[in-house]
Amino acid sequence: MTTDAPVNTPAPAPTSTVVDGVHYHQYDVVIVGAGGAGMRAAIEAGPQASTAVISKLYPTRSHTGAAQGGMAAALANVEEDNWEWHTFDTVKGGDYLVDQDAAEILAKEAIDAVIDLENMGLPFNRTPEGKIDQRRFGGHTRDHGKSAVRRACYAADRTGHMILQTLYQNCVKRGINFFNEYYVLDLVMTEVDGPDGKKIKQPSGVVAYDLASGELHVFQAKAIIFATGGFGKIYKTTSNAHTLTGDGVGIIWRKGLPLEDMEFFQFHPTGLAGLGILLTEGARGEGAILRNASGERFMEKYAPTIKDLAPRDIVARSMVQEVAEGRGAGPNKDYVYLDCTHLGAEVLETKLPDITEFARTYLGVDPVTEPVPVMPTAHYAMGGIPTNVNAEVLRDNTTVVPGLYAAGECACVSVHGSNRLGTNSLLDINVFGKRAGNNAVEYAKTAEFIPLPDDPAKEVRELVARLRDSTGTERIAAIRKELQDTMDAKAQVFRTDESLAEVTHIIHQLRERYMNIAVQDKGRRFNTDLLEAIELGFLLDLAEVVVFSARNRKESRGGHQRDDYPKRDDENYMKHTMAYLTGDPHSAEAGDHIDLDWKPVTITRYQPMERKY
Amino acid sequence: MTTTIEAPRSPYSRAPRGRGVNWEKWGWIYMRVSGVVLIVLIFGHLFVNLMVGEGVSALNFGFVAGKLADPFWRVWDIVMLWLALIHGGNGMRTLVNDYATARLTRGILKLAILGAVVVLIVLGTLVVFTFDPCPAGAPTDLLPLFCQAS
Amino acid sequence: MPAAGTVTSQQQKTTSRRPAGTLYRGREGMWSWVLHRITGVAIFFFLLVHILDTALVRVSPEAYNTVIGTYQTPIMGLGEVALVGAIVFHAFNGIRIILIDFWNAKYSKIMFYVVVGLWVLTMLAFVPRHLINVFSH
Amino acid sequence: MSTATIDQPAAPEAIESFTVTLIIRRFDPEVDDEPRWQDFDVEMFPTDRILDALHKIKWEQDGSLSFRRSCAHGVCGSDAMRINGRNRLACKTLIKDLDVTKPVYVEAIKGLPLEKDLIVDMEPFFESFKEVQPFLMASSKPADGKERIQTVAQRARFDDTTKCILCAACTSSCPVFWTDGQYFGPAAIVNAHRFIFDSRDENAAVRLDILNDKEGVWRCRTTFNCTEACPRGIQVTQAIAEVKQAIMRGKP
Ligand SMILES: Cc1cc2nc3c(=O)[nH]c(=O)nc-3n(C[C@H](O)[C@H](O)[C@H](O)COP(=O)(O)OP(=O)(O)OC[C@H]3O[C@@H](n4cnc5c(N)ncnc54)[C@H](O)[C@@H]3O)c2cc1C
Ligand code: HEM
Ligand code: SF4
Ligand code: F3S
Ligand code: FES
């Protein structure tokens with residue numbers, strides 16, 4: 001029994017000093033974000049080196065906990081399956097913009113990732129033989145598209161909740177250091193001599209704002225892992241949490257490091273209409289059907305083979321098209337129905353209990369007896385901080401930034417290409433979270449601390465002071481709302497050059513208004529008003545990159561659908577977007593401060609084909 | 001009583017777990033076991049004293065002495081005395097643990113409860129065992145009928 | 001928060017300790033507990049007194065009868081109703097608690113109403129008879 | 001093709017908005033000595049949640065109003081608070097389910113140190129959670145590098161308590177916890193239950209021992225406030241009863 005005793009040995013006493021009101025800490029590995037990816041990394045790194053996890057939320061509040069449907073792995077517990085088919089589905093689902101070497105790793109290591117979680121205690125649903133049960137999910141097929149396959153390992157419709165809890169439990173077991181409700185607001189870069197004698201900037205730590213006290217903390221680290229999650233809050237209708245404001249991605253961006261494939265944002269077909277709260281694809285995996293106002297199963301038209309289980313981009317587009325062509329339901333004809341009534345109360349209550357409750361609570365609709373109004377909701381950022389398969393952050397198309405890692409939704413490995421398959425993200429955070437943790441700790445074992453620059457907290461201190469002392473007149477919420485409304489209206493499932501140009505223009509205006517912002521809370525303790533202002537800054541930056549990248553991809557692929565370029569264009573665009581911040585973000589033309597570059601797609605097995613389901 | 005303390009746990013400290021007899025567990029079990037038995041005893045007691053015959057108005061030395069002369073009622077009363085006092089005492093201890101936060105107050109109150117319970121158990125037991133239903137020199141009209149008979 | 005030290009420093013930041021929130025609006029479970037507690041304490045104190053007065057049988061029949069005589073006044077008669085009410089509630093609710101502990105927590109609310117019902121029945125049987133006894137003398 | 005607008009809430013025609021008064025218990029540690037009540041009027045729709053009302057206040061009236069929130073649909077556990085005298089998640093409390101002819105009282109959860117407005121110090125709560133060793137302990141790994149086998153029935157045994165989101169609604173509704181805050185509290189017991197009854201775990205005895213403590217399960221007085229408050233519908237009191245039974249039996 002003792003062999004598995006908790007490893008509660010206190011971590012080596014971290015040095016912590018206070019200079020000029022700023023706290024300084026030193027850790028071998030610092031992980032920013034305590035969602036699935038961050039904690040999976042911590043479990044690897046924690047026992048091997050002094051590790052700190054910094055999170056703006058208590059770990060169990062992270063949005064990984066909201067994930068519902070499942071986590072893919074070709075365990076073949078219920079039917080024949082193998083990782084190669086999984087790789088193919090991932091590549092095809094991503095409309096061939098997937099880096100196939102990464103997708104292979106994802107699919108191969110998926111099996112261990114699931115077993116790891118089970119061994120750590122995750123209570124998966126079980127088959128009658130007592131093995132991990134699996135269910136169907138969008139885009140998962142047997143033998144390269146022949147028919148749907150049961151590949152998603154799940155725990156009712158609370159898979160993400162169980163993953164997040166299990167990982168947190170194991171962090172507790174290992175005595176990981178958490179700094180909860182600390183907002184990382186800056187990555188500290190120190191100028192050092194590069195290998196070729198030129199000066200280059202190397203990450204040496206991060207600066208965090210302690211929400212409870214309003215004090216600043218500098219964490220010096222040998223290796224830093226970003227695992228800050230997505231940024232769905234650039235949209236109004238989203239399944240993402242209020243706190244998913246893309247701070248981590250925004251910090252990287254402001255450092256002049258590139259962001260990859262930002263134009264690809266996934267819209268999940270089944271968000272509760274008007275609210276955006278997610279109803280898992282697992283519902284359709286269990287047999288639920290999408291219907292338009294007249295009760296027609298419209299997915300038969302758009303994806304004859306796998307119908308409602310087509311990948312998300314296709315289903316979401318089909319839904320919007322149904323509505324646009326006047327076949328929407330409801331008083332404003334602005335949604336379609338997800339029909340679960342034929343599944344029976346038993347299946348709903350046991351396999352989909354949470355979403356059944358969501359529909360009841362928030363729409364007053366009982367899925368057992370009535371179809372549920374749904375519409376696409378902004379769900380997942382395929383793009384983000386570019387990394388290689390070792391989770392090392394890239395400075396350009398090939399060079400890594402030593403000591404800097406990213407994993408999870410904030411990163412772009414790219415295993416999801418232009419459209420992520422359902423259940424592949426929970427997989428991503430586990431596979432690449434683990435890799436990030438391992439690689440970071442290996443790196444930290446040999447690396448030296450890079451000295452911090454003078455006054456590393458200067459920028460953050462000034463930012464915080466400027467906002468707290470602001471005497472402007474603009475309300476934060478008003479600016480954010482206008483951004484979100486605009487993004488929903490003009491940069492959502494369908495886009496055109498014209499609509500995107502408008503958004504760019506509006507973002508520029510909003511940025512000017514942002515200069516004149518009013519932070520009403522002048523206090524130091526729990527100043528969430530101030531934080532919302534800072535988060536809004538990141539949202540504006542990221543929305544602009546999304547739109548700018550989208551404007552420059554003049555084709556339709558995966559989650560990016562251009563009405564003015566409705567076809568996929570492999571000849572010109574079979575490549576990743578790499579966007580760099582190069583100038584003053586306040587310049588009127590986005591092109592004046594954003595540089596777009598391209599990165600080739602790694603192709604190993606599968607040549608691009610037309611994507612039909 | 002439900003809005004007492006707003007911010008307890010300051011500073012956060014839980015007393016280290018002591019070894020030895022687990023009072024909490026046995027106390028808890030005792031409350032339930034004694035409770036079940038007490039139901040019978042107390043309801044029986046109340047029924048006989050308050051409901052049968054003329055109820056409370058019939059209560060007097062004669063009545064009590066009559067009962068206590070019967071070994072059946074003696075056992076009944078002794079058991080009830082012990083069970084009820086310990087049950088009540090343990091219940092009061094729970095309350096003190098809940099509401100008295102200062103160590104000293106807690107100690108004093110618990111000692112007081114313990115003292116009261118012990119004294120009363122001893123007193124009660126003595127009374128039942130040493131009780132003479134026909135004390136010499138007492139006016140006979142106050143005594144149970146059987147005193148005259150003998 | 002990492003070290004234990006941080007915990008205490010967080011604690012010190014708290015300056016408000018005053019109550020003045022609203023009363024918590026618990027349901028049957030909470031109110032039955034409040035009553036159980038109040039009745040338990042009431043019975044305990046009564047028991048203390050009751051043992052003392054009964055002990056007077058050792059002193060002398062006169063002493064006992066004088067004290068017990070006060071139990072027979074109308075005012076005390078009403079007090080006895082309250083006492084019996086308390087005991088009956090405490091007893092039935094005690095059984096309810098035991099059933100929750102050893103049988104099933106699902107029916108706690110129903111059982112609460114059963115307790116109330118039984119209490120009413122018992123009191124209906126007891127009170128008139130008792131009051132007749134008290135007031136008929 | 002135009003982009004669809006999904007601005008309208010899903011409910012049928014012209015739902016009317018109305019004014020709701022929220023009376024919020026404010027406390028700014030840097031200014032106030034004591035908490036104070038403050039009124040706000042907000043225009044709300046029946047289908048809005050209390051969280052929306054709080055946001056509306058924060059975003060349109062008083063930016064300094066502080067509260068925690070994240071997911072906004074009852075799965076992250078950030079926003080447990082006392083609404084009209086009962087613990088609930090603000091994001092799961094719909095306006096239409098409250099009597100809005102009267103003001104709605106909103107205050108922080110009870111029993112944990114108040115930090116600011118609706119924010120309390122959660123550390124003591126998480127400390128209790130950690131104390132029960134809430135993680136799987138199993139010495140043997142399956143030899144074939146596969147999952148441990150667990151039957152559907154064994155899995156179902158502890159299903160209820162796996163749902164916990166650590167929101168503290170239960171613990172801070174418990175009258176015993178309010179008294180001195182030393183009681184482990186229902187949430188910690190729920191999370192111990194989760195492992196005690198997991199067929200894969202081998203350390204039930206340790207957890208049972210931890211909870212067989214002065215501040216452990218025996219302090220529970222079955223007041224059911226926890227069960228009523230739990231936003232995940234966990235049968236908390238039942239779980240506590242099961243742990244008590246297990247301690248008495250000496251095994252799960
Ligand atoms: C409703 C919903 C359902 C989903 N269902 C599925 C599914 O069924 N299957 C699937 O595979 N995927 C699903 N996904 C996607 C998947 O859940 C997420 O992509 C994934 O959980 C992201 O994990 P993460 O660790 O990268 O980020 P998160 O879990 O979002 O964690 C981010 C962490 O970063 C911290 N953080 C952020 N900014 C800062 C900062 N500035 N300073 C400090 N800390 C910071 C936060 O506190 C948080 O701890 C779903 C997503 C949603 C929204
Ligand atoms: C008539 C039969 C009785 C039964 C069935 C009974 C049952 C119980 C039970 C089960 C408890 C435990 C409650 C809990 O743990 O939550 C309890 C508590 C208590 N009982 Fe009794 N009891 C009875 C008689 C008495 C008597 C005669 C007294 C007084 C001497 C008494 C005083 C108390 C007290 C003070 C408590 C503690 C209350 C609390 O902690 O909230 N009980 N009773
Ligand atoms: S048991 Fe319920 S109320 Fe308690 S912390 Fe867990 S989810 Fe919240
Ligand atoms: S509220 Fe408290 S007393 Fe027990 S039943 Fe719940 S823990
Ligand atoms: S905001 Fe997540 S539970 Fe309410």
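In what follows, every chain begins at residue 1, and chains take the letters A, B, ... in the order their sequences are listed.
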Ranking D/Asp198, D/Asn191, D/Asp62 by heavy-atom pairs under 4.5 Å to chain A gives rank one to D/Asp62
Would a distance-only check, ignoring hydrogens and angles, find a side-chain to backbone donor-acceptor pair under 3.5 Å from D/Glu115 to A/Ala212?
-> no
Select one option (side chain, backbone, both, neither) describing which atoms of D/Arg155 are under 4.5 Å from chain A's heavy atoms.
-> side chain
With a 4.5 Å limit on heavy-atom distance, are the side chains of D/His55 and A/His242 in contact?
-> yes
Kindly indicate whether the side chain of D/Gln150, heavy atoms from C-beta on, has any atom under 4.5 Å from the side chain of A/Phe124.
-> no
Would you mind reporting whether A/Arg174 and D/Phe135 have side-chain heavy atoms less than 4.5 Å apart?
-> no
Interchain contact, D/Glu147 with chain A, by part (heavy-atom threshold 4.5 Å) = both
Quick one: of D/Cys91, D/Ala153, D/Gly233, D/Gly74, who has the most non-hydrogen atom pairs under 4.5 Å with chain A?
-> D/Cys91
Among A/Met319, A/Lys481, A/Glu129, A/Glu357, single out the residue with the greatest number of heavy-atom pairs under 4.5 Å to chain D.
-> A/Glu357
Max heavy-atom pair count under 4.5 Å with chain A, selected residue of D/Thr151, D/Ile119, D/Asp159, D/Asp97 | D/Ile119
So, the part of D/Phe67 with a heavy atom under 4.5 Å from chain A: the answer is backbone
If you count heavy-atom pairs under 4.5 Å between each of A/Lys522, A/Gln165, A/Arg158 and chain D, which one has the most?
-> A/Arg158
Looking only at heavy atoms, what is the nearest atom pair of D/Thr162 and A/Met162, with distance?
-> OG1-CE, 3.1 Å
Interface check, chain D: of A/Ser62, A/Gly65, A/Gly523, A/Pro123, most non-hydrogen pairs under 4.5 Å belong to A/Pro123
A/Tyr168 and D/Phe126 aromatic ring geometry - parallel, tilted or perpendicular at 30°/60° bounds = perpendicular
Between A/Asp354 and D/Arg232, is there a salt bridge with N-O shorter than 4.0 Å?
-> yes
Looking only at non-hydrogen atoms, find the nearest pair between A/Asn119 and D/Lys141 and report the distance.
-> OD1-CD, 3.9 Å
is_close_aromatic(A/Tyr362, D/His73), centroid dist under 6.0 Å = no
Can you check whether D/Arg69 reaches A/Thr243 side chain to side chain, under 4.5 Å on heavy atoms?
-> yes
Would you say the side chain of D/Leu94 lies within less than 4.5 Å of the side chain of A/Thr361, judging by non-hydrogen atoms?
-> yes
